K.L.:
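Right, I'll just put the structure down here and ask away after.
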Amino acid sequence: MEEIITRFPPSPTGYLHVGGARTALFNWLYARHKKGKFILRIEDTDVKRSTQASVDAIFEALEWLGIDWDEGPYFQSQRFDLYREYIGKLLENGHAYYCDCPPERLERMRKAAMDVGGKPKYDGTCREKGLGPGEGRVVRFKSPLTGTTVMPDVIKGNIVFQNAELDDFVVARSDGTPTYNFVVVVDDVTMGINTVIRGDDHVNNTPRQILLYKALGADLPAFGHVPMVLGNDRTRLSKRHGAMSVTAYRDMGFLPDAFINYMVRLGWSHGDQEFFTRSELIEKFDIDHIGKSAGVFDPEKLTALNADHIKATPPESLIPHLKPFLAERSIVDPDPEFLKGIIRTLNTRSKTLIDMADGALFYFKDSIEYDEKADKKFLKPAVLPPLETLLSELEKLKTWDETGLETAFKATMEAHDLKLGKIAQPVRVALTGGTVSPGIFEIIEVLGKDKSLDRLSRVIGHIQGKSEG
RNA sequence: GGUCCCAUCGUCUAGUGGCCUAGGACGCCGGCCUCUCACGCCGGAAACACGGGUUCGAGUCCCGUUGGGAUCACCA
């Protein structure tokens, strides 16, 4: 079987957005699944709009997603000689011609056509003029006037276009630079791309490209047009729907594996399975089960999936992802073992890495500030005796583990005839400053003897200070 | 407006003519568990857009209607 070669061709006119990430993912996954090749190509023929900052942003996003490429990145801006050569071929074999129609006239024509409900097409004024190259002249593709062009699409099935609907589009601008539809074809042909998975918004371009393939005498790749990603108002996802850039999701505390799991699952399915690891995705991804209808991007489901991935990821593997968020909170170089223990207490209650970083904060505090409400409600003089008992029970403890802690608590509970609930909440406030936290035994164990005892004796002092004041 | 595409719970989807009194997931509601919050577990409400065909039988095939989306550049 022929080796599958796919590509991802972003244009560097901004960051990598959600929709782009998904098509990149589909192409990458398909290549990996088929043990083929995945090529990265930067489409920067529009010199005015392309920036190096965008190129960097795209690399950064791809890297975070864990999408790597086997060839490239190619830059179209460095391939102009090649495009010139192919335009020459088209001119030579009569598939293209020079045109000197002034753009203003064409624009007027288009508007007029639209107004009467017609199709804004080039009228072919220069089609048979036999013009040569010259200042201000563009090169147009000589499109067939009759017949049909069919696009075989592995997702949508065959789509038939009337050639009469197509016009003689520009392949080279008046400044000599080639246009999109043309360079894509030249690149895909010369790079040996045989599978083109891209957004739905390209279907109407495809017949023109197919015509170009034919004019160049090249074989057609397999096309697969994936439906769009929509915002919650069912229109194409855009900035007003919230974050668009992929790296924004990284900064919001999502795990890359969760993000790709969500992105792929939006539009593709494998029976009832919702959770996929990266390698499962590579193993199971296929084009057959890509859906035909557009899907709404749902941040809540992404979040739920992120929580699942956080739970499923071993604590030590989470560390590198969590560290930047801790650093933002002034926690640098935390002890890995300490951090591992912390993560273990937090991974079932964190939906994002931000949640987790926030939840980890109290572990690192030198002194605990008590939440005002919690202080008032739980740190009352009445809890002093049990707290004192607990403190001494803990001090005596030989083994600082969950069973040891339990016996210390049990002894305290019995001595004062209290239920765990009565004593756990004040202790929680003492250790964390608040009323919401991981299990009390887990915290004490991870925090360690010194810090726990210190925080407990501090709270005792705090309560005593109250009754005196 | 022309052309093209799409149509199962609020959302993502399973479903490829009988296995569907339509399954799963997110969200929502209720309960259990419980040291708080979560996790987990159990249960619930919630969909085949509409109308015609084809067929013994249609969510599944065909046509139409309606609705939604995409696209119509010397942008990609």
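Below, read A as the first sequence line, B as the second, and so on, with proteins coming before strands; counting in each chain starts at 1. Quick caveat, the model's predicted, so the values are computed rather than measured.
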K.L.:
Using atom P in both nucleotides, what's the gap between B:rG43 and B:rC26 to the nearest angstrom?
P.N.:
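Nearest-Å result for B:rG43 against B:rC26 at atom P: 14 Å.
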K.L.:
Can you find a donor-acceptor pair, distance only, under 3.5 Å between A:Ser174 side chain and B:rC74 base?
P.N.:
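Between B:rC74 and A:Ser174, which were checked side chain against base, a qualifying N/O pair under 3.5 Å is present.
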K.L.:
Taking atom C1' in both B:rC12 and B:rG52, what distance in whole Å separates the two?
P.N.:
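Those two atoms are separated by 31 Å.
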K.L.:
Which part of the nucleic acid does A:Lys121 contact within heavy-atom distance under 4.0 Å: base, sugar-phosphate only, or nothing?
P.N.:
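Contact class for A:Lys121: none.
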K.L.:
Any side-chain N or O of A:Ser269 under 4.0 Å from OP1/OP2 of B:rA14?
P.N.:
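So the side-chain polar atoms of A:Ser269 do come within 4.0 Å of the phosphate oxygens OP1 or OP2 of B:rA14, strictly under.
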K.L.:
Assign B:rC56 to syn or anti; the rule is syn for a glycosidic angle within 90° of 0 and anti otherwise.
P.N.:
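Judged by the O4'-C1' to base torsion, B:rC56 sits in anti, the angle falling more than 90° away from 0.
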K.L.:
May I ask you to say what A:Thr45 touches in the nucleic acid, namely base, sugar-phosphate or nothing, with a heavy-atom cut-off under 4.0 Å?
P.N.:
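Here A:Thr45 touches the backbone only, sparing every base.
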K.L.:
Classify the nucleic acid contact of A:Gly271 as base, sugar-phosphate or nothing, counting any heavy atom under 4.0 Å across all strands shown.
P.N.:
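Counting heavy atoms under 4.0 Å across all strands, the contact made by A:Gly271 is with sugar-phosphate only.
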K.L.:
Using the C1' atom in both, what is the distance from B:rC20 to B:rG1, to the nearest Å?
P.N.:
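Going atom to atom, C1' in each nucleotide, I get 42 Å.
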K.L.:
Under a 3.5 Å limit for both distances, which nucleotide forms a Watson-Crick or G-U wobble pair with B:rA25, could you say?
P.N.:
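Matched B:rA25 with B:rU11 under the 3.5 Å cut-off.
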K.L.:
Side chain of A:Asn205, base of B:rA76: donor and acceptor closer than 3.5 Å?
P.N.:
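Per atom types, the contact qualifies.
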K.L.:
Which residue pairs satisfy the ring-ring contact (aromatic ring centres under 6.0 Å, His included) criterion with at least one member in residues 418-438 of chain A, sequence neighbours excluded?
P.N.:
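Qualifying pairs: none.
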K.L.:
Within the 4.0 Å heavy-atom criterion, would you say A:Thr303 contacts the bases, only the backbone, or no part of the nucleic acid?
P.N.:
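Nothing, no nucleic acid heavy atom in range.
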K.L.:
Using the P atom on both, measure B:rC61 against B:rG44 and round to a whole Å.
P.N.:
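B:rC61 and B:rG44 have their P atoms separated by 31 Å.
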K.L.:
Check every strand shown and say whether A:Phe409 touches a base, only sugar-phosphate, or nothing at a heavy-atom separation below 4.0 Å.
P.N.:
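The residue A:Phe409 makes no contact with any strand.
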K.L.:
Who does B:rC4 pair with, Watson-Crick or G-U, both distances under 3.5 Å?
P.N.:
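Paired with B:rC4, as far as the under-3.5 Å criterion goes, is B:rG69.
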K.L.:
Under the side chain to side chain contact (heavy atoms under 4.5 Å, CB included) test against A:Ile197, which residue among A:Leu25, A:Val226, A:Val154, A:Leu29 passes?
P.N.:
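The single option meeting the side chain to side chain contact (heavy atoms under 4.5 Å, CB included) with A:Ile197 is A:Val226.
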K.L.:
State yes or no: are the ring centers of A:Phe59 and A:Trp69 separated by less than 6.0 Å?
P.N.:
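Aromatic pair counts; centres sit under 6.0 Å.
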K.L.:
So, does the side chain of A:Arg428 form a donor-acceptor pair with the base of B:rC35 at under 3.5 Å?
P.N.:
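Answer is yes: a donor-acceptor pair is held.
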K.L.:
So what does A:Pro438 hit on the nucleic acid, given a heavy-atom distance under 4.0 Å: a base, only sugar-phosphate, or nothing?
P.N.:
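Base, at least one base atom sits under 4.0 Å.
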K.L.:
Do nucleotides 5-12 of chain B as a string where each nucleotide becomes B, S or -: B if the base has a protein heavy atom under 4.0 Å, S if just the sugar-phosphate does, - if no protein is that close.
P.N.:
SSS---SB
K.L.:
Could you check whether A:Val138 gets within reach of a base, just the sugar-phosphate, or nothing at all, counting any heavy atom under 4.0 Å?
P.N.:
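The answer is base, as A:Val138 lies within the cut-off (heavy atoms under 4.0 Å) of a base atom.
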